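Along the sequence shown, the residues carry numbers beginning at 1. Hydrogens, waters and symmetry mates play no part in the numbers below; they use all other heavy atoms, side chains included. This structure is a prediction, so every number in the text was calculated from the model and none was measured.
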Amino acid sequence: MSIHQSVLELIGDTPIIKAQRLDTGVCELYLKLESQNPGGSIKDRIGLSMIEAAEKAGKIRPGDTLVEGTAGNTGIGLALVAQQKGYKLILVVPDKMSREKIFNLKAMGAQVVLTRSDVAKGHPDYYQDLAERLARETPGAYFINQFGNPDNPAAHEFGTGPEILRQMADVGGLDAIVFGCGSSGTMTGLSRCFAKESPGTELILADPVGSILEEYINRGTLSDKSASWMVEGIGEDFLPPISDFTRVKKAYAISDKESFLTARELLEKEGILGGSSTGTLLAAALKYCREQTTPKKVLVFVCDTGNKYLSKMYNDYWMLDNGFLARQSSGDLRDLILRPFSQRDTVVVGPNDLLVTAYQRMKLYDVSQLPVMDGDNIVGIVDESDVLLHVYGDESRFRDPVSTAMVSKLDKIDVRSPIESLLPVFDRGHVAIVVDGEKFIGLITRIDLLNYLRRRVQ
């Protein structure tokens, strides 16, 4: 392997793997690992294309400020290129973006502006509209505008498309390709490429439930109403100006739950860690493959790496909280307990452990209180306030045992009590300690109750 002079030289030429353990019906399914780009997604391609084209046109010079609105990985692709080429970068991102992506962006030097994810285009807080306004208000700033920038689809028309056809020629060609649509650059660029180079290849769109694109493709109607979805980076509530849907044959609407579970299946069966939109695309690809009656060679993108979603779709507790993983119903307060003690999921501390240990566990697991357990018996509760009041003024008291700061007068609730019995406990500012006789079952917090009520209306 040759020595490269810049991480930007690693963009593109991503590998393709044939699926071996997924149920693909009579078809062969090929996975193009765009997750292997240096920024971890297919959007590295357009980040490089749009910035280099602006340089060649004399629109920007190193040291200038670039501005963009992104709901997915375009921001990371732009940040990667801007960092290497010496540009300042301001990114407006909706607040549903995973924490990992935001941490990644900030670590690469981008300025991140969070905005609302529950508003549509035309609202002043919509991420694209806000980005355009910030670009106007920032002296000398250049608005990338991925949704209207022709160098976005050009990256795929002249780069990704020919690359795929060259690779798939080794197995006899490509019958169908499955992709998603955010800015529509991938779809539009591939459509133009295949129209000239592989007109027999079917174009299949995967769309989140809530987006307007599936209805537009399958029924020809353009709705002015969209709903929210949790999958990041694909789906739209309008038709992007650069979009060209004319060659898209069919679209599949995929729910958040199916997307997340399919992505987890990809990791379990094929060892490939893909992101949330990868799950959407793969679910649509599997539906398409299983509908076919004659063998076809089908390609689907692994759009980005699942490393950016470890706190969400690969976190069992997050999946349970949002109702995406099934939990066995008990018909009592056990249905509200996220971390049952019997399964050793409850984060606990012992009475003889040091307060610094309790503090570290609270920080590590992002909880504000811990049951104090002596064997299988709960003997107290220690929370952030207890630790703070105990150590304030004398930090050496972090070395005191938990028993010196814990609350030992406990507010216990029988597991068979009605849900309404939790409200007085919460009103007193306490956490509910659920027991079955003397046996500790687990804790219920305010957010546990809220999550339970939310799941009931899903």
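- No salt bridge links K296 with E291; every basic N to acidic carboxylate O contact stays at or beyond 4.0 Å.
- Between the CZ atom in F301 and the OG atom in S277 there is a gap of 11.0 Å [rounded to 0.5 Å].
- Using modelled atom types, one finds a donor on one side chain and an acceptor on the other under 3.5 Å when comparing T221 with E215.
- Here E52 pairs with K85 in a salt bridge; the nearest charged N to carboxylate O distance falls below 4.0 Å.
- K196 contributes atom NZ, which lies 11.5 Å from atom CG of L165 (distance to the nearest 0.5 angstrom).
- Centroid-to-centroid, the aromatic rings of W318 and Y309 stay 6.0 Å apart or farther.
- A 4.5 Å side-chain heavy-atom check between M362 and L370 finds at least one atom pair inside the cut-off.
- Evaluation of the side chain to side chain contact (heavy atoms under 4.5 Å, CB included) rule for S211 yields D207, P208, L213, W229 as partners, not counting sequence neighbours.
- Taking a cutoff of 4.0 Å between a charged side-chain nitrogen and a carboxylate oxygen, K121 and E236 do not qualify as a salt bridge.
- A donor-acceptor pair is defined here as one N or O able to donate and one able to accept, closer than 3.5 Å; no such pair exists between the side chain of D95 and the backbone of L114.
- Contact of the I419 side chain with the L336 side chain is registered, since non-hydrogen atoms from C-beta on lie closer than 4.5 Å.
- Classified by interplanar angle (parallel below 30°, tilted 30° to 60°, perpendicular above 60°), the ring pair Y216/F245 is perpendicular.
- Here the straight-line distance linking atom CD1 of I46 with atom CG of D44 works out to 9.5 Å at 0.5 Å rounding.
- The main-chain N or O of P94 is never found under 3.5 Å from a side-chain atom of T115 such that the two would form a donor-acceptor pair.
- From L31, atom CG reaches atom CG of L266 across 6.0 Å, with rounding to the nearest 0.5 Å.
- Side-chain contact between R219 and E214 is present, with at least one heavy-atom pair separated by less than 4.5 Å.
- Salt-bridge formation is not detected for the pair E197/R192: no Lys NZ or Arg NE/NH1/NH2 atom is positioned less than 4.0 Å from an Asp or Glu carboxylate oxygen.
- Ion pairing between E202 and R247 fails under the 4.0 Å rule for side-chain N and carboxylate O.
- In this structure, N149 contributes its side chain and D151 its backbone to a donor-acceptor pair below 3.5 Å.
- In this structure a side-chain-to-backbone donor-acceptor pair under 3.5 Å is present from H123 to D125.
- Between Y127 and F147, the two ring planes are perpendicular [angle over 60°; tilted spans 30° to 60°].
- With S259 contributing its side chain and S255 its backbone, the two residues share a donor-acceptor pair below 3.5 Å.
- Relative to the ring axis of Y317, R339 places its NZ or CZ within 45° and under 6.0 Å from the centre.
- Ring orientation note: the planes of Y252 and Y288 are nearly perpendicular, at an angle over 60° on the 30°/60° scale.
- Here the side chains of Y314 and K308 are not in contact, with every heavy-atom distance at 4.5 Å or above.
- A salt bridge does not link K43 with E34: none of the charged nitrogens is closer than 4.0 Å to a carboxylate oxygen.
- Between R344 and D376, at least one side-chain nitrogen of the basic residue sits less than 4.0 Å from a carboxylate oxygen of the acidic one, meeting the salt-bridge criterion.
- Contact of the E28 side chain with the K18 side chain is registered, since non-hydrogen atoms from C-beta on lie closer than 4.5 Å.
- A salt bridge does not link E268 to R21: none of the charged nitrogens lies less than 4.0 Å from a carboxylate oxygen.
- Here the side chain of S184 pairs no donor or acceptor atom with the backbone of C181 at under 3.5 angstrom.
- R455 has no carboxylate O lying under 4.0 Å from a charged side-chain N of D335, or vice versa, which leaves the two without a salt bridge.
- Taking CG from L338 and CG from D316, the interatomic distance works out to 10.0 Å, rounded to the nearest 0.5 Å.
- Proximity of L282 to L29: side-chain heavy atoms (C-beta onward) are separated by under 4.5 Å at one or more points.
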